[in-house]
Participant: 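Handing you a structure now.
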Amino acid sequence: MSLIEPKIDQLLEETDNDRFLLCAIASRRAHDINDMLRGQRDRAIQLQTAVEIARASNKKPLSIAFDEISKGEVSWDPATIDAQAH
């Protein structure tokens with residue numbers, strides 16, 4: 001049993017076994033998720049306390065990104081990834 005879910009092998013399958021591509025996609029998606037959560041947090045702060053908001057978002061953005069990648073819910077354009085990497 002793996003302590004880390006999803007397993008790295010499953011994540012690499014979604015990125016053609018390219019660990020650098022996996023890092024690039026996961027970091028960009030985590031950044032987007034973080035921005036989204038920050039925006040929701042700003043709106044919700046008027047309605048809830050910070051403690052309630054922290055409890056609601058118990059997963060880190062990178063963990064959410066890896067979950068989405070393993071489920072095949074994240075897509076990317078290889079031309080864009082290559083152009084931005086160089």
Side-chain angles (χ1 to χ4, degrees):
M1 178 178 177
S2 174
L3 295 176
I4 300 171
E5 290 293 332
K7 294 180 182 179
I8 189 69
D9 296 335
Q10 185 179 7
L11 291 166
L12 287 172
E13 285 176 11
E14 294 294 329
T15 58
D16 300 326
N17 290 316
D18 187 338
R19 61 183 181 220
F20 300 107
L21 178 60
L22 174 61
C23 288
I25 294 168
S27 68
R28 288 181 187 170
R29 181 62 185 139
H31 181 78
D32 291 344
I33 291 167
N34 194 31
D35 286 347
M36 181 182 63
L37 290 174
R38 202 176 291 143
Q40 289 176 352
R41 199 168 280 140
D42 291 343
R43 287 188 298 276
I45 200 77
Q46 298 169 359
L47 304 174
Q48 298 176 340
T49 67
V51 173
E52 291 170 330
I53 294 167
R55 273 191 222 128
S57 61
N58 61 353
K59 284 185 100 175
K60 304 274 187 207
L62 189 57
S63 295
I64 296 169
F66 282 143
D67 284 340
E68 291 178 353
I69 291 168
S70 72
K71 294 175 184 173
E73 296 174 352
V74 176
S75 62
W76 69 93
D77 179 11
T80 304
I81 294 286
D82 289 340
Q84 292 178 356
H86 297 288

Participant: Please identify each residue that fulfils side-chain contact (heavy atoms from CB on, under 4.5 Å) with Ser63, with sequence neighbours left out.
Facilitator: Lys59, Lys60
Participant: So, using side-chain contact (heavy atoms from CB on, under 4.5 Å) as the criterion, who are the partners of Glu13 when residues are at least two apart?
Facilitator: none
Participant: Write down the atom of Leu11, the atom of Pro6, and the distance for their closest heavy-atom approach.
Facilitator: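 Answer, listing the atom of Leu11 first, then Pro6: CD2-CG, 3.8 Å.
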Participant: What pairs meet the side-chain hydrogen bond (donor to acceptor under 3.5 Å, both in side chains) rule with one or both residues in residues 14-25, with sequence neighbours excluded?
Facilitator: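 Pairs touching residues 14-25 that pass the test: none.
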Participant: Could you measure the distance from the CG atom of Asp32 to the CD1 atom of Ile64? Nearest 0.5 Å is fine.
Facilitator: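 It is 12.0 Å, given to the nearest 0.5 Å.
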Participant: Who are the side-chain contact (heavy atoms from CB on, under 4.5 Å) partners of Ala24, not counting sequence neighbours?
Facilitator: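 Listed in chain order: nothing, the list is empty.
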Participant: Let me confirm one number: the NZ-CG distance from Lys71 to Asp67, rounded to the nearest 0.5 Å.
Facilitator: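 Rounded to the nearest 0.5 Å, the NZ-CG separation comes to 5.5 Å.
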Participant: Minimum heavy-atom separation for Ala65 to Ala30, with atom names?
Facilitator: CB-N, 3.9 Å
Participant: Could you measure the distance from the CG atom of Asp9 to the OG atom of Ser70? Nearest 0.5 Å is fine.
Facilitator: 12.5 Å
